[in-house]
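Note that the numbering runs from 1 along the sequence shown for the chain. Please read all numbers here as calculations on a predicted model, not as lab measurements.
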Amino acid sequence: MQSPFTAMHAYHRPTILHHSIELPADFKTEDFLAFHRRDPQSVAEQVGTRFIRKGLIWHNQPACLTIHFRDQTAVAELSVDGPSVLSGQNKLSTMVKRMLGLTQPIEAFEQTYRDHPQLGPLIIRNPGLRVPLTATPFEALTWAITGQQISVHAAIAIRRKLIQRVGLHHSCGLMCFPDAGQVVQLNEIALREAGYSQTKARTLLNLSVMILENRLPLDDWLESSLPVDEISARLLSIRGIGPWTINYALMRGFGWLDGSLHGDAAVRKGLQALLGSSEKISEEQTRDWLTPFSPYRALIAAHLWTLSIE
């Protein structure tokens with residue numbers, strides 16, 4: 001059944017925005033595509049060998065973002081089921097650069113630590129590694145809440161059910177990852193049926209309400225110098241959100257690379273492999289090991305993830 005939101009916009013002539021971005025020579029296209037390919041049954045993303053197509057919300061309208069990778073260029077097209085939006089071109093450019101990790105100081109990190117006895121081999125192994133970002137901070141926050149203390153496989157399935165529960169389609173056929181406005185229209189029962197625990201369902205609903213009331217101005221924060229302390233304090237006021245959720249969302253949603261992800265099991269597993277330890281590494285040991293590497297602790301966590309999946 002078509003949602004009222006879809007029906008309301010289905011007859012508008014689509015608006016098409018385009019933008020091309022030159023990529024660094026060491027850009028890892030497959031890393032970016034693999035991040036968005038996590039769900040083999042994805043209803044909101046279509047990922048090929050050299051492209052991604054993703055359903056999202058753009059200025060309260062269903063949209064489809066397509067990025068094609070051609071040689072050292074990323075060619076982006078945004079199809080919006082609705083009228084044109086002022087300054088849309090600049091916003092598209094900013095979003096795509098952020099998603100691709102092109103705003104991250106990778107060269108500075110690699111120059112600083114290429115001779116480090118432990119980080120140096122990681123950099124040689126993964127030169128140019130960047131953290132792929134979600135299209136919006138809300139998507140990153142939603143994923144972080146969904147993935148708390150469960151397997152990635154389980155979190156992927158719940159994410160898919162959330163998208164299906166909202167049921168918002170773009171005219172290209174893909175479903176759109178919801179924003180706070182769509183999530184808040186659901187109730188706790190609907191979220192429980194999608195697989196969320198009672199605590200997570202309430203956390204997600206409370207988060208969405210605070211965003212709609214502008215107590216969490218995510219878009220404004222994107223355009224500012226990123227007040228990390230303020231963001232953290234406001235998010236911590238929401239029951240069910242702790243330091244790991246905040247640091248992960250800041251990394252995946254805003255591109256902040258200094259969050260300490262010592263609470264992440266895969267990070268600890270990667271550090272154990274890096275140090276060649278026969279015993280598991282604790283959260284405290286991981287936190288202490290990461291501390292001297294500020295402001296790159298989350299970026300180092302991304303490098304450690306590559307070791308944990310072997």
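Here T15 contributes atom OG1 and L17 contributes atom CG; the two are 7.0 Å apart, rounded to the nearest 0.5 Å. Between the CZ atom of F293 and the OH atom of Y296 there is a distance of 12.5 Å, given to the nearest 0.5 Å. Distance check, rounded to the nearest 0.5 Å: CD1 of I106 to CG of D26 gives 8.5 Å. Here the straight-line distance linking atom OG1 of T112 with atom CD of E107 works out to 11.5 Å at 0.5 Å rounding. Of the inter-residue distances, the one linking L186 atom CG with R192 atom CZ reads 14.5 Å to the nearest 0.5 angstrom. The line from CD1 of I67 to NE2 of H19 is 10.5 Å long, rounded to the nearest 0.5 Å.
Within the 3.5 Å criterion, the main-chain N or O of L191 finds no donor-acceptor partner in the side chain of R165. Q285 places a side-chain N or O within donor-acceptor distance of the main-chain N or O of S282, the cut-off being under 3.5 Å. Checking side-chain atoms of Q118 against main-chain N and O of L275 turns up no donor-acceptor pair under 3.5 Å. R98 places a side-chain N or O within 3.5 Å of a backbone atom of A135 that can act as its donor or acceptor partner. Listed for the E45 side chain is no donor-acceptor partner under 3.5 Å among the backbone atoms of H36. Looking at D71, its side chain never comes within 3.5 Å of a backbone N or O of T73 through a donor-acceptor pair. In terms of modelled atom types and a separation under 3.5 Å, the side chain of R252 and the main chain of P132 share a donor-acceptor contact.
A salt bridge does not link E283 with R287: every distance from a Lys NZ or Arg NE/NH1/NH2 to an Asp or Glu carboxylate oxygen is 4.0 Å or more. E30 has a carboxylate O that lies under 4.0 Å from a charged side-chain N of R37, or vice versa, which qualifies the two as a salt bridge. A salt bridge links K54 and E139; the closest N-O separation between the charged side-chain nitrogens and carboxylate oxygens is under 4.0 Å. By the 4.0 Å N-to-carboxylate-O rule, R125 lies too far from E110 to be salt-bridged with it. Salt bridge present: E188 and R202 bring a charged side-chain N and a carboxylate O closer than 4.0 Å.
Looking at W58 and D81, their side chains never bring a donor and an acceptor atom within 3.5 Å of each other. Looking only at atom types and distance, the side chain of S151 has no donor-acceptor partner in the side chain of H153 under 3.5 Å away. Between the side chains of H18 and E77, at least one donor N or O lies within less than 3.5 Å of an accepting N or O.
For the pair Y196 and K161, the minimum side-chain heavy-atom distance is 4.5 Å or more. W256 has its side chain out of reach of M251: every pair of non-hydrogen atoms, C-beta onward, lies at least 4.5 Å apart. The shortest side-chain heavy-atom distance between I211 and D179 does not fall under the 4.5 Å cut-off. Residues W143 and I156 meet the side-chain proximity criterion, which asks for heavy atoms closer than 4.5 Å. Considering only heavy atoms from C-beta on, H169 stays 4.5 Å or farther from L174 through its side chain. Between T94 and L222, the closest side-chain pair of non-hydrogen atoms is not below 4.5 Å. Contact of the T136 side chain with the L56 side chain is not registered, since no non-hydrogen atoms from C-beta on lie closer than 4.5 Å. Contact check for V228 versus I231: no side-chain heavy atoms found under the 4.5 Å cut-off.
The shortest heavy-atom contact between V267 and A301 is CG2-CB, 3.7 Å. Of all heavy-atom pairs between R130 and P24, the closest is NH2-CG, 3.3 Å. For the residue pair P292 and Y113, the shortest heavy atom distance occurs at O-OH, 4.0 Å. The two residues Q148 and K200 come nearest to each other via the heavy atoms O-NZ, 2.7 Å. Heavy atoms only, all atoms of each residue included: S232 and L250 are closest at OG-CD1, 4.1 Å. Minimum interatomic distance between F27 and F69 (heavy atoms only, all atoms of both residues): CE2-CE2, 3.8 Å.
More than 12 heavy atoms of other shown residues, nucleotides or ligands fall within 6.0 angstrom of atom CD in E284. Within 6.0 Å of atom CD in Q149, 12 or fewer heavy atoms from other residues, nucleotides or ligands are found, so the atom counts as exposed in its surroundings. Within 6.0 Å of atom CD1 in I16, more than 12 heavy atoms from other residues, nucleotides or ligands are found, so the atom counts as buried in its surroundings.
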*D264/W305 under side-chain hydrogen bond (donor to acceptor under 3.5 Å, both in side chains): CA gap, chis, key distance, verdict*: CA-CA 10 Å; D264 190 289; W305 279 330; 3.3 Å; yes
*Just do the side chain to side chain contact (heavy atoms under 4.5 Å, CB included) check on L257 and R297 with the steps written out, would you?*
CA-CA 6 Å; L257 299 181; R297 290 175 291 178; over 6 Å; no
*Applying side chain to side chain contact (heavy atoms under 4.5 Å, CB included), run through L168 and I57 and close with a yes or a no.*
CA-CA 9 Å; L168 177 60; I57 306 298; 2.9 Å; yes
*Using the salt bridge (charged side-chain N to carboxylate O under 4.0 Å, His left out) rule, take E213 and R234 through it: C-alpha gap first, then chi angles, then the decisive distance, then the call.*
CA-CA 13 Å; E213 293 177 347; R234 294 197 190 185; over 6 Å; no
*Decide yes or no on side chain to side chain contact (heavy atoms under 4.5 Å, CB included) for Q182 and C176, but give the supporting numbers first.*
CA-CA 10 Å; Q182 279 77 57; C176 299; over 6 Å; no
*Verify side chain to side chain contact (heavy atoms under 4.5 Å, CB included) between L218 and L141, making sure each step is shown before the conclusion.*
CA-CA 10 Å; L218 300 183; L141 278 162; 4.2 Å; yes
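Following chains of ILVMFWY side-chain contacts shorter than 4.5 Å, one cannot reach F51 starting from M99, and the two form parts of different hydrophobic clusters. Under a hydrophobic clustering in which Ile, Leu, Val, Met, Phe, Trp and Tyr are joined whenever their side-chain heavy atoms come within less than 4.5 Å, directly or via other members, I246 and M210 fall into the same cluster. Hydrophobic cluster membership differs between I158 and I189, with clusters built from Ile, Leu, Val, Met, Phe, Trp and Tyr side chains linked at under 4.5 angstrom. With hydrophobic clusters built from ILVMFWY side chains whose heavy atoms lie under 4.5 angstrom apart, L236 shares a cluster with L207. In the hydrophobic clustering of ILVMFWY residues, with side-chain heavy atoms under 4.5 Å counting as a link, I145 and V184 come out apart.
Between F109 and H303, the ring centre distance stays below 6.0 Å.
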